[in-house]
Amino acid sequence: MVRQGKLLEVKDLQKNYGKKNNITKALNGVSFDILLGEFLGIMGPSGSGKTTLLNCIATIIKPTSGCVLLKGENISAFDSKDLAEYRGSRIGYLFQDFALLDNLTGQENILLPLSIHGVDFAKARAKLDELADFLEITDILNKFPAQMSGGQKQRVAAARSLISDPDIVLADEPTGALDTRSARNLMNKLEGINRNSGRTILMVTHDPNAASFCSRILFIQDGVVFHELRRKQEESREEFYERILQLLAQLGGGSANVF
Ligand SMILES: Nc1ncnc2c1ncn2[C@@H]1O[C@H](COP(=O)(O)OP(=O)(O)OP(=O)(O)O)[C@@H](O)[C@H]1O
Ligand SMILES: [Mg+2]
């Protein structure tokens, strides 16, 4: 598998909310690249612009200025057909609160993006079986979200974000609503998806444990990237976790640095 080259380029992204005399600068010039096959983490205090950044990449909101390129293509220049394809099958979005539809079963939730995009059923079925097996949700595919545990709901949501074989999975605090054990289980699955299928993942997290599964972490504050940690080749996840904790302790010093 080719694991080189830039998959996503974020260039000087700015996003202001509000009107003239009441502006919030949520993103204040964020720039970074994501390489193909990377597992990139984003950490930063509450309100530092992390969700805004993911939402700009997902085209849920429009940046005030700057741009995002996917494989060199400017996503804000997409016409409506390209945009639908981008949202439907080139990115997968995994939300903190799962965002499953209550009146659909697990299987229906997972297949929903494909039915919207008219993918062949037999092909979708094979893909679903493979994902369900890996994510250990085969037994709960016919249950409704209300009948699933938090960890199961998030694994169903993970399957939904992966079913269209997206170029990149965007995950916003995917472990935020999970207990420690379910969080660890989900992170093991995401790590497997990244390592085994070379899937690129961009994950926002507050949790140093979840972050330690990443190959690189960007720290953002006040709408800019101000630090980066890279997991070394020979470094174990536990060692990387210790380094993340050390950095957070250093950053926790100032009142504006509450991570
Ligand atoms: N729709 C909106 N309208 C106005 N201001 C907003 C809107 N969405 C976010 N903001 C503001 O933009 C800033 C960045 O918000 P964002 O949700 O991106 O932060 P975050 O880093 O994801 O925080 P958290 O860790 O709490 O999820 C905050 O000051 C927030 O109040
Ligand atoms: Mg957020």
Side-chain angles (χ1 to χ4, degrees), residues 8-34 39-68 75-76 87 91-100 150 153-154 157-158 160-161 168-180 182-183 186-187 190 200-214 216-229 241 244-245 247-259:
L8 198 85
E9 297 165 68
V10 173
K11 291 183 183 286
D12 198 19
L13 214 56
Q14 310 217 7
K15 176 65 188 177
N16 300 338
Y17 291 112
K19 295 218 171 81
K20 266 182 191 160
N21 47 6
N22 188 21
I23 287 182
T24 303
K25 290 193 167 201
L27 298 178
N28 206 3
V30 171
S31 298
F32 61 92
D33 297 335
I34 304 176
F39 191 169
L40 183 66
I42 306 266
M43 297 189 88
S46 182
S48 58
K50 304 181 298 295
T51 297
T52 302
L53 171 64
L54 285 197
N55 286 345
C56 285
I57 296 172
T59 68
I60 293 171
I61 55 174
K62 259 196 161 117
T64 305
S65 63
C67 63
V68 176
I75 63 171
S76 58
R87 290 175 180 153
I91 57 167
Y93 209 127
L94 191 53
F95 300 88
Q96 171 171 359
D97 61 1
F98 325 128
L100 297 176
K153 278 189 237 184
Q154 194 56 305
R160 182 188 52 190
S161 75
I168 185 165
V169 174
L170 307 172
D172 195 356
E173 296 273 2
T175 61
L178 303 182
D179 60 70
T180 315
S182 309
L186 180 75
M187 289 315 303
L190 290 181
T200 310
I201 305 178
L202 174 60
M203 177 183 75
V204 162
T205 186
H206 276 114
D207 175 4
N209 224 314
S212 68
F213 285 84
C214 297
R216 182 161 70 100
I217 305 169
L218 299 177
F219 293 80
I220 81 168
Q221 187 163 20
D222 300 330
V224 290
V225 176
F226 74 99
H227 200 77
E228 178 189 276
L229 279 185
Y241 173 68
I244 297 166
L245 284 187
L247 181 71
L248 293 180
Q250 284 166 16
L251 297 174
S255 61
N257 285 306
V258 186
F259 270 82

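These numbers come from a predicted model, not from an experiment. In listed order, ligands and their atoms are each counted from 1.
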Undergrad: Taking side chain as C-beta onward, heavy atoms only, is L53 less than 4.5 Å from F32?
TA: yes

Undergrad: Provide the full list of salt bridge (charged side-chain N to carboxylate O under 4.0 Å, His left out) pairs with a residue in residues 12-33, sequence neighbours left out, each pair given once.
TA: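 Found K6-D33.
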
Undergrad: Write down, by chain and number, every protein residue that brings a non-hydrogen atom to less than 4.0 Å from an atom of ligand 1.
TA: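 The answer is Y17, T24, A26, P45, S46, G47, S48, G49, K50, T51, T52, H206, counting any residue whose heavy atom sits under 4.0 Å from ligand 1.
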
Undergrad: Would you kindly say whether S182 and D179 are connected by a side-chain donor-acceptor distance under 3.5 Å?
TA: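 Distance-only check passes for S182 and D179.
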
Undergrad: Quick one: are I42 and I220 in side-chain contact, heavy atoms under 4.5 Å?
TA: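 The answer is yes, as the side chains (C-beta and beyond) meet within the 4.5 Å cut-off.
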
Undergrad: With a cut-off of 2.8 Å, does T51 place any N/O/S atom under that distance from the Mg ion (ligand 2)?
TA: yes

Undergrad: Using 0.5 Å steps for rounding, measure from the SG atom of C67 to the NZ atom of K11.
TA: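 Spacing of SG (C67) from NZ (K11) equals 6.5 Å.
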
Undergrad: Does any non-hydrogen side-chain atom of R216 lie less than 4.5 Å from one of L229?
TA: no

